[in-house]
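Following: one structure in structure tokens, then a few remarks.
Along the sequence shown, residues are numbered consecutively beginning with 1. All values below come from the heavy atoms of this structure, side chains included, with hydrogens, waters and symmetry mates left out.
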Amino acid sequence: MPEVMFAGPDGRLEGHYHHSENPNAPLALVLHPHPLHGGTMNNRITYTMYRRFQEMGFSVMRYNSRGVGRSQGRYDGGIGEISDAAAALDWMQMVNPNSSELWIAGYSFGAFVGMQLLMRRPEIRGWISIAPPANDYDFGFLAPCPCSGLMIAGGKDTMAPESGIRKLVDKLNTQKNVTVDYRIIEQADHIFSQHAIQIADALEDHVLTRQSFFTAPAEAAG
């Protein structure tokens, strides 16, 4: 897990990047929770998703947004953090010009940032949103949502209540050509302290299912 430093819009950003041996490997960018509430790239759920993508053969990065760890700059209310995510994506794409597909995964505040980035980068093929703060942030910008993805809620989460996430899922599922794979971990709160492996397993199951969907038309044509 080599450390990397790359140029962000407000200074250098710190990340951990795993480079797959496969030159055509898919890419994944993993986004951490809110920086003002202790969110860093070393958060357990963020790290767990990073490791699972790595085990699945992805080239994958997790990084600290501005003002976190050794990343320069200061917290910017979400706007600058979206630009940081775009810079991380630019760096990965520069290193992997022949990558086959691109995924984005975020937890809590990182889920909000990730979905914002999704709307700006049409090359993203799939997304993972863990406990998106649907009651605290307006996700109305997902109109329309560009592609399908996985959303996970904790049944005992009081910070990002399942009821609010369900409303967001129901709204997205009314959109044409979008299907949200919605999973509830009934005993989990917002920290998911005992449920990291369940999240990783759900991530892998969803990604493999979607990858089969991506390749099915080509196989049928052949």
Side-chain angles (χ1 to χ4, degrees), residues 4 6 8-9 13 15-20 25-35 39-41 43 45-65 78-96 99-134 137 139 141-142 144-152 160 165 168-169 172 178-183 199-200 202-211 213-214:
V4 295
F6 58 95
L13 297 173
H16 278 287
Y17 170 71
H18 166 76
H19 189 72
S20 173
L27 304 182
L29 181 65
V30 183
L31 310 176
H32 65 69
H34 205 296
T40 78
M41 67 175 172
N43 166 269
I45 300 303
T46 303
Y47 175 79
T48 298
M49 291 196 291
Y50 172 93
R51 284 286 295 171
R52 185 56 63 94
F53 274 120
Q54 178 181 346
E55 292 164 2
M56 293 174 66
F58 280 66
S59 289
V60 56
M61 175 188 277
R62 56 191 169 96
Y63 70 97
N64 282 329
S65 61
I79 302 301
E81 285 72 20
I82 297 167
S83 297
D84 293 343
L89 196 53
D90 288 342
W91 186 90
M92 278 209 305
Q93 290 178 311
M94 177 186 68
V95 176
N96 298 274
S99 176
S100 56
E101 64 189 67
L102 171 62
W103 286 73
I104 189 154
Y107 166 40
S108 192
F109 175 77
F112 170 75
V113 174
M115 298 302 272
Q116 286 276 3
L117 185 61
L118 174 69
M119 297 300 294
R120 293 161 168 77
R121 303 298 282 260
E123 67 270 32
I124 295 174
R125 294 285 295 276
W127 50 267
I128 314 290
S129 286
I130 312 300
Y137 292 87
F139 282 79
F141 59 85
L142 293 168
C145 184
C147 60
S148 300
L150 169 68
M151 202 165 280
I152 297 179
I165 297 174
L168 174 59
V169 170
L172 293 177
V178 172
T179 301
V180 178
D181 179 1
Y182 184 44
R183 309 193 188 194
I199 288 175
L203 179 154
E204 180 171 356
D205 178 65
H206 175 80
V207 171
L208 291 177
T209 299
R210 289 293 296 165
Q211 287 178 326
F213 174 80
F214 295 156

Judged by modelled atom types alone, do His206 and Asp181 share a side-chain donor-acceptor pair under 3.5 Å?
yes

When you measure from the side chain of [X] to the backbone N and O of [Y], does any donor-acceptor pair fall under 3.5 Å?
X      : Y      : answer
Asn64  : Thr40  : no
Glu81  : Gly78  : yes
Arg52  : Ala200 : yes
Ser129 : Met151 : no
Ser20  : Gly57  : yes
Asn96  : Ser99  : no

For Arg125, the side chain to side chain contact (heavy atoms under 4.5 Å, CB included) test, sequence neighbours excluded, returns Glu101, Phe214

By ring-ring contact (aromatic ring centres under 6.0 Å, His included) - contacts of [X] (at least two apart):
X      : result
Tyr182 : none
Tyr63  : none
Phe109 : His34

Can you give me every donor-acceptor pair (side chain of residues 114-123, partner residue at least two apart or in another chain, under 3.5 Å) with its distance?
| residue | atom | partner | partner atom | Å |
| --- | --- | --- | --- | --- |
| Gln116 | OE1 | Arg120 | NH1 | 2.7 |
| Arg120 | NH1 | Gln116 | O | 2.9 |
| Arg121 | NE | Glu123 | OE2 | 3.0 |
| Arg121 | NH1 | Asp90 | OD1 | 3.2 |
| Arg121 | NH2 | Asp90 | OD1 | 2.8 |
| Arg121 | NH2 | Gln93 | OE1 | 2.7 |
| Arg121 | NH2 | Glu123 | OE2 | 3.4 |
| Glu123 | OE2 | Gln93 | NE2 | 3.0 |

What pairs with Trp127 under side-chain hydrogen bond (donor to acceptor under 3.5 Å, both in side chains), at least two apart in sequence or on another chain?
none

Hey, mind stepping through His18 and Ser59 against side-chain hydrogen bond (donor to acceptor under 3.5 Å, both in side chains) and telling me if it holds?
CA-CA 5 Å; His18 166 76; Ser59 289; over 6 Å; no

Contact check, side chains of Ile128 and Ile130, non-hydrogen atoms, under 4.5 Å
yes

Taking the six-membered ring for Trp and the single ring otherwise, decide whether the centroids of Tyr137 and Phe139 are under 6.0 Å apart.
no

Working to the nearest 0.5 Å, report the span between CG of Asp84 and CD1 of Ile79.
11.5 Å

Within this structure, what is the CD1-CD1 distance for the pair Ile165 and Ile152, rounded to the nearest 0.5 Å?
10.0 Å

